[in-house]
Amino acid sequence: DQQVKQNSPSLSVQEGRISILNCDYTNSMFDYFLWYKKYPAEGPTFLISISSIKDKNEDGRFTVFLNKSAKHLSLHIVPSQPGDSAVYFCAASAYGDTDKLIFGTGTRLQVFP
Amino acid sequence: DTGVSQDPRHKITKRGQNVTFRCDPISEHNRLYWYRQTLGQGPEFLTYFQNEAQLEKSRLLSDRFSAERPKGSFSTLEIQRTEQGDSAMYLCASSPQEGYGYTFGSGTRLTVV
């Protein structure tokens with residue numbers, strides 16, 4: 001039972017363009033969402049988060065959008081840079097269970113020159 | 001403080017042997033988490049501690065797995081009688097309080113042959 005789904009295993013984007021990574025969830029109790037970035041041979045690194053009381057959160061080149069009615073969130077990276085090439089994981093936690101994160105399967109982003 | 005430290009980085013063991021991994025969290029973080037990541041999947045929650053108390057264990061954590069955090073600082077994860085299905089990346093993370101994004105270590109990659 002995959003409660004957090006990232007249906008695109010990979011994405012390839014040209015440098016300077018926008019990267020859009022998508023994530024869907026099924027559990028209506030999820031109320032906090034996070035994106036992590038992972039380079040090979042390293043642990044995931046926290047990128048940005050959003051609470052269910054918001055529909056957008058922005059941090060520099062990274063913006064996360066949340067559509068609660070569709071149970072969908074997306075991460076926008078503008079402009080994309082070669083150093084953004086990594087695996088991106090979407091994660092969620094439920095109200096009252098905030099210590100446990102449920103991760104998606106990840107999307108591998110490649111930014112080419 | 002250099003972040004979350006895990007030791008060893010890699011471990012190859014024969015089936016049936018016991019292995020132990022160590023995690024040193026960020027010193028001021030009272031919460032410590034263990035996750036497991038297999039190929040093509042996102043990290044899966046195993047267990048977590050608040051100080052020295054183990055507050056939750058996933059059903060993924062069979063009786064062969066045991067985790068400790070004896071003084072509320074470092075933690076160990078032991079796997080007894082290893083099986084090939086235990087081969088995975090074992091990730092440790094810490095956070096200062098409930099509801100914060102974790103800081104992950106670089107993980108211990110276990111290969112059971």
Side-chain angles (χ1 to χ4, degrees), chain A residues 1-10 21-25 27 29-54 57 59 62 64 75 86-108, chain B residues 2-10 21 23-26 29-51 53-61 69 88-109 111:
Chain A
D1 178 26
Q2 193 73 29
Q3 298 185 68
V4 178
K5 302 177 184 178
Q6 294 177 258
N7 292 319
S8 298
S10 63
L21 296 94
N22 294 304
C23 178
D24 297 292
Y25 62 95
N27 189 340
M29 295 298 291
F30 287 155
D31 69 346
Y32 191 65
F33 304 89
L34 309 92
W35 285 94
Y36 282 83
K37 179 170 71 173
K38 186 179 185 303
Y39 293 118
E42 294 183 13
T45 302
F46 171 72
L47 199 56
I48 192 169
S49 63
I50 188 167
S51 164
S52 61
I53 62 174
K54 296 184 175 181
N57 190 25
D59 184 2
F62 303 91
V64 56
L75 174 68
V87 177
Y88 289 78
F89 290 99
C90 171
S93 66
Y95 176 79
D97 200 10
T98 53
D99 279 293
K100 184 166 65 180
L101 294 183
I102 308 299
F103 283 83
T105 53
T107 296
R108 181 176 301 278
Chain B
T2 56
V4 178
S5 177
Q6 292 189 245
D7 183 69
R9 293 293 305 274
H10 304 276
F21 311 139
C23 171
D24 288 272
I26 293 172
H29 287 185
N30 63 8
R31 281 173 151 79
L32 185 148
Y33 309 85
W34 285 98
Y35 279 73
R36 181 174 70 185
Q37 185 179 11
T38 54
L39 196 62
Q41 300 296 315
E44 296 174 293
F45 172 83
L46 292 179
T47 188
Y48 89 95
F49 294 83
Q50 181 176 339
N51 299 313
Q54 188 173 18
L55 296 186
E56 187 172 346
K57 292 170 61 174
S58 164
R59 65 178 185 276
L60 294 175
L61 216 63
R69 194 182 183 197
M89 174 74 82
Y90 290 84
L91 293 161
C92 177
S94 68
S95 73
Q97 63 187 66
E98 181 180 5
Y100 260 60
Y102 303 163
T103 299
F104 278 93
S106 297
T108 294
R109 179 167 295 284
T111 302

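Every chain is numbered from 1 and lettered A, B, ... according to where its sequence line falls, protein lines coming before strand lines. Atoms considered below: every heavy atom in the structure, side chains included; atoms not considered: hydrogens, waters and symmetry mates.
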Among Glu42(A), Lys38(A), Lys100(A), who wins on heavy-atom pairs under 4.5 Å with chain B?
->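 Going by pairs under 4.5 Å, I would pick Lys100(A).
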
Judged by atom type as modelled, is there a donor-acceptor pair below 3.5 Å linking the side chain of Tyr36(A) to the main-chain atoms of Tyr102(B)?
-> yes

Side chains of Leu101(A) and Tyr35(B): does their closest heavy-atom pair fall under 4.5 Å?
-> yes

Can you tell which part of Ala41(A) gets under 4.5 Å to a heavy atom of chain B, answering side chain, backbone, both or neither?
->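 Ala41(A) touches chain B through backbone and side-chain heavy atoms alike.
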
Can you list every pair that meets side chain to side chain donor-acceptor pair (under 3.5 Å) and has a residue in residues 40-49 of chain B, with sequence neighbours left out?
->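 Checked against side chain to side chain donor-acceptor pair (under 3.5 Å) - neighbours excluded - the pairs reaching residues 40-49 of chain B are Asp99(A)-Tyr48(B), Thr47(B)-Gln54(B).
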
Return the orientation label for the Phe103(A) and Phe104(B) ring planes: parallel under 30°, perpendicular over 60°, tilted otherwise.
->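 Ring orientation, 0 to 90° scale: perpendicular.
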
Which residues pass the salt bridge (Lys or Arg N to Asp or Glu O under 4.0 Å) test with Asp31(A), sequence neighbours left out?
->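 Partners of Asp31(A) by the salt bridge (Lys or Arg N to Asp or Glu O under 4.0 Å) criterion come out as none, since no residue qualifies.
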
Taking all heavy atoms of Gly40(B) and all of Thr105(A), pick out the closest pair and write down the distance.
->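 Result for this residue pair: O-CB, 3.8 Å.
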
Can you tell which part of Arg109(B) gets under 4.5 Å to a heavy atom of chain A, answering side chain, backbone, both or neither?
-> neither

Between Glu56(B) and chain A, which part of the residue has a heavy atom less than 4.5 Å away: side chain, backbone, both or neither?
-> side chain

Does Tyr39(A) OH have over 12 foreign heavy atoms under 6.0 Å away?
->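 Yes, enclosed.
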
